[in-house]
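To keep things clear, I will list the structure first and then write my remarks on it.
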Protein chains: 2
Amino acid sequence: MATVRRPGAYVCGIDAAMDVIGGKWKVLILWELNERACRFGELRRLLPGVTEKVLASHLRELEADGIVHREVYDEVPARVEYSLTSLGVSLNGALAPLGAWGREHVLGIVH
Amino acid sequence: MATVRRPGAYVCGIDAAMDVIGGKWKVLILWELNERACRFGELRRLLPGVTEKVLASHLRELEADGIVHREVYDEVPARVEYSLTSLGVSLNGALAPLGAWGREHVLGIVH
DNA sequence: CAGTATCCCCCACGATACTG
DNA sequence: CAGTATCGTGGGGGATACTG
């Protein structure tokens, strides 16, 4: 999933948005990055079960879609930080009502 | 996808909601049913490319999740109408901001 | 009309090993 | 630490045929 995978094929906005957040771990990545910027290894620990390969490819796609910013610090050992772009922040905001709906109606947590 | 597929495994509300709308055609089904109740054949025509099998299984899952109501009318030939439940209406409402985000930032349609 | 019943396929995701 | 490189797999989805 990434960057207009289906050019001009989207039926509506939700359809298009689903293509951006459609990866198995993507909304969880956004969820974590919404709190604070994270390094690769941090994200891996925050998302139990994700493999390095999948985490890397999801981050590449989110970066290509302009949702995530990748900052490389020239240090030894290597250090890379991922954070949300302003577009990513706006996406998270648009996701908030859906999160509230899920909490209330699927998880059964009222407020 | 349907009805607590991963009991107690959800990390957050968005994660849980994604499980409900995670099927390939589900948000499009919701999108159409938001306009008006539809018959099976109508939905099939409204969603070019979907097969009967997949449409049927998606509708079964949405029904099991309490999102869609299935009303059978005893006529000849058989007639079945699908509509949103109140839960489905609330889900669509929660999806609206995501749709607006997609229209604006993916499709490039400002308002 | 509104679906099942089969068979099949692809690819997103996973497991493991290795590297700058 | 932050990733690539390879190989393998499961199941969601597609094609087609058939039925109450």
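A note on names: the letters A, B, ... follow the listed sequences, proteins ahead of strands, and every chain is numbered from 1.
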* I would like to know whether B:Arg60 and B:Glu63 meet salt bridge (Lys or Arg N to Asp or Glu O under 4.0 Å); could you show each step before the answer? => CA-CA 5 Å; B:Arg60 291 297 100 78; B:Glu63 193 189 355; 3.8 Å; yes

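Whole-Å rounding puts the B:Leu55 CG to D:dG12 C1' distance at 15 Å. At whole-Å resolution of the value, CD in A:Glu75 and C1' in D:dA2 are 13 Å apart. Rounded to an integer number of Å, the gap from A:Asp19 CG to C:dA12 P is 11 Å. In this structure, A:Met18 places its CE atom 15 Å from P of D:dG12, rounding to the nearest Å. Atom CG in B:Leu59 sits about 8 Å away from atom P in C:dG3, given to the nearest Å. When rounded to the nearest whole Å, the span between CD of A:Glu81 and P of D:dC1 equals 14 Å. Put simply, CG on B:Leu43 is 10 Å from P on C:dG3, counting in whole angstrom units. Here the C1' atom of nucleotide C:dA12 and the NZ atom of B:Lys24 are 13 Å apart, to the nearest Å.
B:Lys53 contributes a side-chain N or O that forms a donor-acceptor pair with the base of D:dG14 under 3.5 Å.
The nucleotide whose nearest atom lies closest to any side-chain atom of A:Val80 is, among D:dG14, C:dG14, D:dG3, D:dG3. Side chain of B:Ala78, nearest nucleotide from D:dG14, C:dA17, C:dC1: C:dC1. Across C:dG3, C:dG14, D:dA2, the shortest atom-to-atom separation from the side chain of B:Arg60 is found for C:dG3.
From A:Ile21, atom CD1 reaches atom CE of B:Met18 across 4.0 Å, with rounding to the nearest 0.5 Å. Taking CG from B:Leu30 and CD from B:Glu35, the interatomic distance works out to 12.0 Å, rounded to the nearest 0.5 Å. For the atom pair CZ of B:Arg44 and OG1 of B:Thr51, the computed distance is 9.5 Å after rounding to the nearest 0.5 Å.
Side-chain N/O atoms of B:Arg45 include none lying less than 4.0 angstrom from OP1 or OP2 on C:dC1. Within the structure, a side-chain polar atom (N or O) of A:Arg39 is placed less than 4.0 Å from OP1 or OP2 of D:dA2. For the pair B:Tyr82 and C:dG3, the criterion of a side-chain N or O lying under 4.0 Å from OP1 or OP2 is met. Between B:His58 and D:dG13, a side-chain N or O to OP1/OP2 separation shorter than 4.0 Å is present.
Using a 4.5 Å cut-off between side-chain heavy atoms of Ile, Leu, Val, Met, Phe, Trp and Tyr, with links allowed through other members, B:Leu46 and A:Val11 fall into different hydrophobic clusters.
B:Tyr73 comes within 4.0 angstrom of nothing in the nucleic acid, heavy atoms only. Counting non-hydrogen atoms under 4.0 angstrom, A:Arg44 reaches nothing in the nucleic acid.
Ranked by how close their nearest DNA chain C nucleotide is to the 5' end, B:Pro77 and A:Val50 are led by B:Pro77. Mapping B:Thr51 and A:Phe40 onto DNA chain D by nearest heavy atom places A:Phe40 at the nucleotide closer to the 5' end.
Across all non-hydrogen atoms, the minimal contact from A:Ser90 to B:Trp101 is OG-NE1, 2.8 Å. The two residues A:Glu42 and A:Ala37 make their nearest non-hydrogen contact at OE1-O, 4.2 Å. For the pair A:Gly99 and B:Ile14, the tightest heavy-atom approach, listed with the atom from each and the gap, is CA-CG1, 3.3 Å.
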* Asked: DNA chain D in dot-bracket, Watson-Crick or G-U pairs under 3.5 Å, [ ] crossing, | other strand?
  -> ||||||||||||||||||||

